[in-house]
Amino acid sequence: QLQLVESGGGLVQPGGSLRLSCAASGFTSDDYSIGWFRQAPGKEREGVSCISSGGGDTNYAASVKGRFSISRDNAKNTVYLQMNSLKPEDTAVYYCAAARFIPLLLCRTSSRMNHWGKGTLVTVSS
């Protein structure tokens, strides 16, 4: 069973940067796409970014495109989300999630993901 653990969240000032990590265990296949999602209090969970199993294809929500970058190191069983130019609106709990053989078109849809981490809190505030 694939297990995911997020890390790297914290408090950062507007305009600052953070890098989130999603460490996977029980990762017996390279067929899993990984997505980053976020949820702020009182708001629905939002798909932020996804990366294909091999790392060759990515997508992003319009709200983060140009500021966030997703990558993966399959040798380390880790996916990263580099977040730059952070805004207060980025404040949320960030989750990583995995699904097998999912098209990137659907990867940022929460209901399509099969495995979830517990989340890491990102707070952007002055």
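Numbers here are sequence positions counted from 1. Note that the structure is a prediction, hence the values are computed from the model and not measured. Quick note: numbers below take in every heavy atom, side chains included, and nothing from hydrogens, waters or symmetry partners.
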*Asks:* Can Y60 be reached from I34 by stepping across I, L, V, M, F, W or Y side chains whose heavy atoms are under 4.5 Å apart?
*Replies:*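 Yes; tracing contacts between hydrophobic side chains, which count when under 4.5 Å, links both residues.
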
*Asks:* Does a donor on one side chain and an acceptor on the other come within less than 3.5 Å for S17 and N84?
*Replies:*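 Yes, because at least one side-chain N or O of S17 sits under 3.5 Å from a partner of the opposite role on N84.
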
*Asks:* Please round to the nearest 0.5 Å and tell me the distance separating atom CZ of R45 and atom OG of S110.
*Replies:*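 Answer rounded to 0.5 Å: 5.5 Å.
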
*Asks:* What are the two closest heavy atoms between L104 and C50, and how far apart are they?
*Replies:*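 So the two residues come closest at CD2-CB, 4.0 Å.
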
*Asks:* Atom OG1 of T58 and atom NZ of K65: how far apart are they, to the nearest 0.5 Å?
*Replies:*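 One finds 9.0 Å between OG1 of T58 and NZ of K65.
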
*Asks:* State yes or no: do V48 and I51 share one hydrophobic cluster built from I, L, V, M, F, W and Y residues joined by side-chain heavy-atom distances below 4.5 Å, directly or via other members?
*Replies:*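 Result: yes, single cluster for both.
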
*Asks:* With the side chain counted from C-beta on, respond yes when P88 and S125 share a heavy-atom pair under 4.5 Å apart, and no when they do not.
*Replies:*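 The answer is no, as the side chains (C-beta and beyond) never meet within the 4.5 Å cut-off.
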
*Asks:* Shared ILVMFWY cluster between V124 and L18, side chains joined below 4.5 angstrom?
*Replies:*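 V124 and L18: one cluster.
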
*Asks:* Of the non-hydrogen atoms in S52 and R72, which two are nearest, and what is the gap between them?
*Replies:*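 Looking at all heavy atoms of both residues, the closest pair is O-NH1, 2.7 Å.
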
*Asks:* What's the spacing between R38 CZ and E89 CD if we round to 0.5 Å?
*Replies:*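 Interatomic distance, R38 CZ to E89 CD, rounded to 0.5 Å: 8.5 Å.
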
*Asks:* Tell me whether L106 is reachable from M113 by hopping between hydrophobic residues (I, L, V, M, F, W, Y) whose side-chain heavy atoms are closer than 4.5 Å.
*Replies:*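 Linked, M113 and L106 end up in one cluster.
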
*Asks:* Can you confirm whether R67 sits close enough to K87 that some side-chain heavy atom of one is under 4.5 Å from a side-chain heavy atom of the other?
*Replies:*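 Side-chain contact under 4.5 Å: yes.
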
*Asks:* Evaluate the side-chain proximity of P14 to L86: yes if any heavy-atom separation is below 4.5 Å, no if none is.
*Replies:*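 In short, these two side chains do not touch, never coming nearer than 4.5 Å.
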
*Asks:* Can you find a side-chain donor-acceptor pair between Y32 and R100 that sits under 3.5 Å?
*Replies:*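 Note: Y32 and R100 side chains miss the donor-acceptor criterion.
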
*Asks:* Checking side chain to side chain contact (heavy atoms under 4.5 Å, CB included) between M83 and each of V64, L20, D90, which is the one that passes?
*Replies:*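 Going through V64, L20, D90 one by one, the side chain to side chain contact (heavy atoms under 4.5 Å, CB included) with M83 is satisfied by L20 alone.
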
*Asks:* Which atom pair, heavy atoms only, marks the closest approach of A92 to A40?
*Replies:*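 For A92 versus A40, the nearest heavy atoms are CB-N, 3.9 Å.
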
*Asks:* Closest approach of V79 and I70, non-hydrogen atoms and distance?
*Replies:*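 What the structure gives for the nearest pair is CG1-CG1, 3.9 Å.
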
*Asks:* For R112, does the CZ atom sit with more than 12 other heavy atoms under 6.0 Å from it, leaving out its own atoms?
*Replies:*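 Open: at most 12 neighbouring heavy atoms sit under 6.0 Å from CZ of R112.
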
*Asks:* Could you report the tightest heavy-atom contact between T120 and G9, atom names first, then the distance?
*Replies:*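 Scanning both residues, the minimum pair turns out to be OG1-N, 3.1 Å.
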
*Asks:* Classify the ring geometry of W116 against F37: parallel below 30°, tilted from 30° to 60°, perpendicular beyond 60°.
*Replies:*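 Ring orientation of W116 relative to F37: tilted.
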
*Asks:* Could you measure the distance from the CG atom of L81 to the OG atom of S49? Nearest 0.5 Å is fine.
*Replies:*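 With rounding to 0.5 Å, CG (L81) is 6.0 Å from OG (S49).
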
*Asks:* Distance check, rounded to the nearest 0.5 Å: C96 atom SG versus L4 atom CG?
*Replies:*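 If I round to the nearest 0.5 Å, the distance is 4.5 Å.
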
*Asks:* Between H115 and L2, which heavy-atom pair has the shortest distance, and what is it?
*Replies:*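 Taking H115 first and L2 second, the nearest heavy atoms are CD2-O, 3.3 Å.
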
*Asks:* Distance check, rounded to the nearest 0.5 Å: L11 atom CG versus L121 atom CG?
*Replies:*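 So the CG of L11 and the CG of L121 are separated by 9.0 Å.
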
*Asks:* Should R19 and Y80 be marked as a side-chain hydrogen bond (donor to acceptor under 3.5 Å, both in side chains) after you check the CA-CA gap, both sets of side-chain angles, and the distance that decides it?
*Replies:* CA-CA 7 Å; R19 187 178 74 164; Y80 305 96; 5.1 Å; no

*Asks:* What residue among S21, S7, C22 forms side chain to side chain contact (heavy atoms under 4.5 Å, CB included) with T78?
*Replies:*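 The option that passes is S21.
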
*Asks:* Out of curiosity, does F68 fall in the hydrophobic cluster containing V12 (side-chain heavy atoms, cut-off under 4.5 Å, transitive links)?
*Replies:*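 The answer is yes; both residues are in one hydrophobic cluster.
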
